[in-house]
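Have a look at the structure below, then the notes.
Here the structure is a predicted model, which means the values were calculated and not measured. The chains referred to below are lettered A, B, ... by the order of the sequence lines, with proteins before strands, and numbering in each begins at 1.
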Amino acid sequence: MEKYLKDEERITLSLRSLYSKYGYLPYKMNKFEEYDLYAKNKDFLIGDGVITFTDTSGKLLALKPDVTLSIIKNASDESGIKNKVYYNENVYRISGGTREYKEIMQTGLECIGDIDLYDAYEVVSLARKTLEAISSDYVLEISHMGIIFAILNKISDDKAFYEEALECIEKKSTHEIKAVCAKYALSAQNEALLCQLATLYGKPSDVLARLDALDSEVCFGKYLCELKTICELLCKDGDSTKIRLDFSIVNDMKYYNGFVINGYINGICECVLYGGCYDKLLQKMGKSCRGMGFAIYTDLLSQLNTAKCGYDVDTLIIYSDTTSAQAVKEATEKEIASGKSVSAQRSIPKKLRYREIIEI
Amino acid sequence: MINVALPKGRLGEKVYKMFAECGYECPSILENNRKLIFENEEKGVRYFWVKPSDVSIYVERGAADIGVCGKDILLEYEPDVYELLDLDIGKCRMAVAGKKDFYDDNTKTLRVATKFVNIAKTYYQEKCRDIDIIKLNGSIELAPILNLSDVIVDIVETGTTLRENDLEVKEEIVNISARLISNKASFKFKTEEIENISRLLGKKVSEND
């Protein structure tokens with residue numbers, strides 16, 4: 001049966017099974033949501049351009065550009081309760097290259113509520129298992145906004161500086177960091193600290209050792225402890241070479257405060273998995289609980305070069321105008337019964353690729 | 001194998017020389033023929049020449065793992081790539097230029113002719129200046145001379161073209177030079193090779209200083 005599924009469909013099915021095993025419940029949302037929800041949290045959305053329209057009662061609605069906001073809106077905010085959900089939804093966004101609207105299939109999960117360190121590990125671990133379900137040749141990268149913010153905060157309290165510095169860190173541009181530091185008249189020591197942050201990349205054991213040294217200078221022990229525990233547990237789970245720490249991954253500080261994750265698959269030219277811990281977004285939406293999750297863009301999976309079958313059908317049955325329907329039925333059913341796929345035609349279709357031809 | 005997108009023209013030739021001096025030579029690239037791709041299997045490098053403004057597209061889309069392009073292209077198209085190194089060559093500046101006797105008194109919408117729409121928009125937005133962008137694809141200096149625009153936003157290298165056409169630089173926007181860029185996904189799977197190239201080129205840049 002699996003041979004009839006597209007890669008995206010096969011992966012989606014296996015992810016559903018994976019998330020269900022860990023107690024995540026399916027979440028289904030409407031195609032439309034009130035525009036207000038997205039307008040209030042515009043910066044949280046990846047990309048701009050929400051498609052809006054007015055419904056019959058005059059309410060401004062939007063074709064959903066994101067799933068997380070809707071899940072947060074509907075999540076319960078009680079002490080001791082965790083909302084664990086997964087989804088497989090189409091979202092509507094402007095495509096970067098063409099600047100045209102695109103329907104994008106997104107699969108992901110969210111864990112919202114009274115969450116703890118185990119939940120953080122579970123989410124990152126499921127992100128890893130998600131990448132594994134797609135390909136064995138993957139890289140999962142982890143960063144921590146708490147550590148990045150602690151370093152920036154030590155250097156300056158100027159918000160304009162944060163923005164410019166983050167932009168350079170995200171590009172791993174040490175030369176641009178030097179220019180920004182010169183602009184804000186920062187010391188050589190602070191410049192070196194920022195350059196070090198932008199280039200903190202590699203195996204967890206190597207990067208954590210470098211972070212230990214930095215901790216005595218900056219003090220982000222609480223976040224470092226969290227990161228260490230997550231990495232330690234992940235490395236015990238399997239191949240630690242596929243886990244990297246990368247502090248050039250930065251997400252909007254208005255929403256994200258904990259770990260941030262990105263996932264890459266060899267053969268796909270861009271990041272396929274995005275996620276992180278977004279407690280600040282929950283606070284902004286009036287909730288006191290915590291939240292984390294991730295999503296993958298399944299439409300990107302079509303870039304993977306998986307082996308393609310050279311035929312559309314196994315058998316092409318050609319019959320004439322005089323052949324009886326009964327004869328065509330019998331010939332078709334005979335082929336299907338032997339496990340073949342069949343196309344019954346009166347002439348050979350130009351674009352149909354077939355393994356064998358039977359004329360009756 | 002590392003795929004490198006080089007910008008066609010003088011800048012690309014200089015960049016290739018830097019790569020070759022760092023041990024990534026590919027002699028076939030110097031042959032006078034119509035080949036598009038040049039490979040040195042032993043060195044693990046494959047070069048291809050592309051239009052300078054297309055380098056960032058090849059790299060962002062992963063057709064090239066790394067490439068070299070001007071900062072002007074990065075500011076204009078904002079590709080999602082790593083900008084690993086300033087190669088300190090191909091230096092010029094992005095500037096606002098106009099006729100020597102033009103004075104912007106802020107009383108009317110400023111007509112700006114440019115190839116760099118995004119850079120011009122961002123620059124004037126930060127100044128809260130109302131502008132009318134006129135997108136041109138070449139011979140930008142003609143626009144103020146023929147009164148198509150009040151000013152132009154363009155790259156100025158020596159300023160000779162401006163001077164010969166009675167134009168002058170009014171404001172400088174940003175300094176431009178060639179940058180080494182990398183596809184984000186390639187960086188994850190070819191980390192060692194890309195970091196090595198970046199490190200060697202960085203050393204070369206320091207030596208040239």
Side chain, backbone, both or neither: which part of [X] has a non-hydrogen atom closer than 4.5 Å to chain B?
| X | result |
| --- | --- |
| A/Thr199 | neither |
| A/Glu170 | both |
| A/Asp246 | side chain |

**Request:** Quick one: do B/Arg179 and A/Glu176 satisfy salt bridge (Lys or Arg N to Asp or Glu O under 4.0 Å)? Show the steps, please.
**Result:** CA-CA 11 Å; B/Arg179 309 293 163 103; A/Glu176 292 287 345; 2.5 Å; yes
Counting only heavy atoms not in [X], do more than 12 fall under 6.0 Å of its [atom1]?
| X | atom1 | value |
| --- | --- | --- |
| B/Glu207 | CD | yes |
| B/Glu21 | CD | yes |
| A/Lys129 | NZ | yes |
| B/Lys14 | NZ | no |
| A/Glu167 | CD | no |

**Request:** Find out whether A/Tyr201 and B/Lys188 are in side-chain contact, i.e. whether some heavy atom of one side chain is under 4.5 Å from a heavy atom of the other.
**Result:**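 Yes, their side chains come closer than 4.5 Å.
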**Message:** Looking at every non-hydrogen atom in both residues, tell me the closest pair between A/Asn266 and B/Phe189 and how far apart they are.
**Reply:** N-CZ, 3.2 Å
**Asked** Can you name the nearest heavy-atom pair linking B/Ala185 to A/Ile268, along with the distance?
**Response**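 Residues B/Ala185 and A/Ile268, closest heavy atoms: CB-O, 3.4 Å.
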**Request:** Go through the atoms of B/Ser182 and report whether side chain, backbone, both or neither lie under 4.5 Å from a heavy atom of chain A.
**Result:** neither
**Asked** Would B/Asn183 and A/Glu270 satisfy side chain to side chain contact (heavy atoms under 4.5 Å, CB included), going step by step from the backbone distance to the final call?
**Response** CA-CA 8 Å; B/Asn183 173 273; A/Glu270 55 191 296; over 6 Å; no
**Complete:** Checking heavy-atom separations under 4.5 Å from chain A, one finds in residues 114-136 of chain B none
**Item:** chain A neighbours within residues 64-93 of chain B, where any heavy atom lies under 4.5 Å away
**Value:** B/Lys71, B/Val81, B/Tyr82, B/Glu83, B/Leu84, B/Leu85, B/Asp86
**Message:** How long is the straight-line distance from OH of B/Tyr58 back to SG of A/Cys269, given to the nearest 0.5 Å?
**Reply:** 14.0 Å
